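Some notes on the structure that comes next.
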Amino acid sequence: MNRIEILTGLTLLPLAGAAVRLAAFQSPPVAAEPEEWLPKKQLIRGANSSCLRSGHLLFVGGIGGWYANRRPEPGDAKVQITGALTSMKEALEAAGSGMHNVLQIFMTVCEPKKNLAKLNEGYYEFFPENPPVRSFSSSKPSQMGRDGILLQVGCIAYVD
């Protein structure tokens with residue numbers, strides 16, 4: 001390499017460095033605005049209740065323990081949880097799932113000190129092994145919407 005080639009190379013080197021620094025300060029290309037995400041929802045009606053499907057999840061809610069058009073007398077908490085969970089089972093099966101896929105169950109129980117033992121008798125008939133996680137809140141009889149209702153249930157379940 002001769003002297004002229006070396007000097008030419010040294011002259012271009014700062015220019016190359018300046019170009020690299022200039023590129024680093026340029027703002028990145030602006031990404032397009034993301035589309036608003038809305039869950040896909042499909043309403044599935046069962047015999048006595050309905051559920052909502054979104055992806056691989058089913059949401060069943062608001063099943064009361066007693067409806068006069070289904071049974072003339074309200075019955076105790078065991079009778080009511082059996083009726084409510086039967087309706088839940090029908091809704092899940094109509095959506096292609098079942099009680100074995102229930103991940104979480106929610107309950108509102110009227111006077112739990114009085115009704116929880118009976119409720120549990122009926123509950124564990126539907127979930128004898130590996131029951132779902134469960135949470136409940138308590139309520140006064142006057143807050144249940146109608147006289148005679150002792151509980152209300154809802155759940156989140158998996159579906160293929």
Side-chain angles (χ1 to χ4, degrees), residues 20-21 23-160:
V20 169
R21 283 192 301 271
F25 286 108
Q26 289 180 348
S27 58
V30 177
E33 288 291 319
E35 292 184 33
E36 182 181 359
W37 181 83
L38 296 173
K40 294 179 182 176
K41 297 186 274 186
Q42 176 187 9
L43 185 63
I44 301 167
R45 298 210 180 274
N48 293 314
S49 62
S50 60
C51 71
L52 186 72
R53 179 179 179 155
S54 183
H56 289 285
L57 294 177
L58 298 172
F59 300 86
V60 180
I63 302 173
W66 176 62
Y67 296 94
N69 63 337
R70 294 187 207 161
R71 194 175 55 248
E73 296 297 321
D76 64 11
K78 182 177 180 180
V79 170
Q80 289 197 21
I81 193 67
T82 300
L85 292 179
T86 298
S87 293
M88 180 182 288
K89 179 180 179 214
E90 291 168 354
L92 293 172
E93 289 173 352
S97 189
M99 297 297 269
H100 61 284
N101 283 336
V102 175
L103 304 171
Q104 184 171 17
I105 193 161
F106 311 95
M107 300 180 175
T108 301
V109 182
C110 182
E111 300 175 319
K113 287 183 181 180
K114 178 180 172 184
N115 293 310
L116 201 54
K118 286 283 189 184
L119 179 144
N120 282 336
E121 287 177 29
Y123 177 83
Y124 287 111
E125 289 177 7
F126 285 83
F127 302 107
E129 295 179 9
N130 301 319
V133 295
R134 176 171 76 157
S135 61
F136 78 90
S137 59
S138 63
S139 175
K140 296 177 184 177
S142 61
Q143 295 172 316
M144 294 302 287
R146 290 189 323 272
D147 289 342
I149 296 177
L150 301 177
L151 56 97
Q152 185 181 54
V153 297
C155 76
I156 299 172
Y158 180 82
V159 64
D160 286 323

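What you see is a predicted model, and the numbers here were worked out from it, not measured in a lab. Nothing fancy with the numbering, it's 1 onward along the sequence.
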Are [X] and [Y] packed together at the side-chain level, in the sense that at least one heavy-atom pair is separated by less than 4.5 angstrom?
| X | Y | answer |
| --- | --- | --- |
| Leu85 | Ile105 | yes |
| Leu92 | Met99 | yes |
| Lys118 | Val79 | no |
| Arg70 | Ser87 | yes |

Atom of [X], atom of [Y] and distance for their closest heavy-atom approach:
| X | Y | result |
| --- | --- | --- |
| Val102 | Ala157 | CA-CB, 3.8 Å |
| Arg53 | Asp160 | NH2-O, 3.1 Å |
| Ala95 | Cys51 | CB-SG, 3.8 Å |
| Leu151 | Ala77 | CD2-O, 3.8 Å |
| Gly122 | Ile81 | CA-CG2, 3.7 Å |
| Pro132 | Leu103 | CB-O, 3.4 Å |

Donor-acceptor pair, [X] side chain versus [Y] backbone, under 3.5 Å?
| X | Y | answer |
| --- | --- | --- |
| Arg134 | Met107 | no |
| Trp66 | Arg71 | yes |
| Ser139 | Val109 | no |

Residues, nucleotides or ligands: over 12 heavy atoms within 6.0 Å of Glu73 CD = no
When rounded to the nearest 0.5 angstrom, what is the spacing between [atom1] in [X] and [atom2] in [Y]?
| X | Y | atom1 | atom2 | result |
| --- | --- | --- | --- | --- |
| Leu58 | Gln42 | CG | CD | 9.0 Å |
| Gln104 | Phe59 | CD | CZ | 10.0 Å |
| Asn101 | Cys155 | CG | SG | 10.0 Å |

note = Applying ring-ring contact (aromatic ring centres under 6.0 Å, His included) to His56 and not counting sequence neighbours gives Tyr158
ask   = Which side-chain hydrogen bond (donor to acceptor under 3.5 Å, both in side chains) pairs, counting each pair once, include a residue from residues 74-84, with sequence neighbours left out?
value = Lys78-Glu125
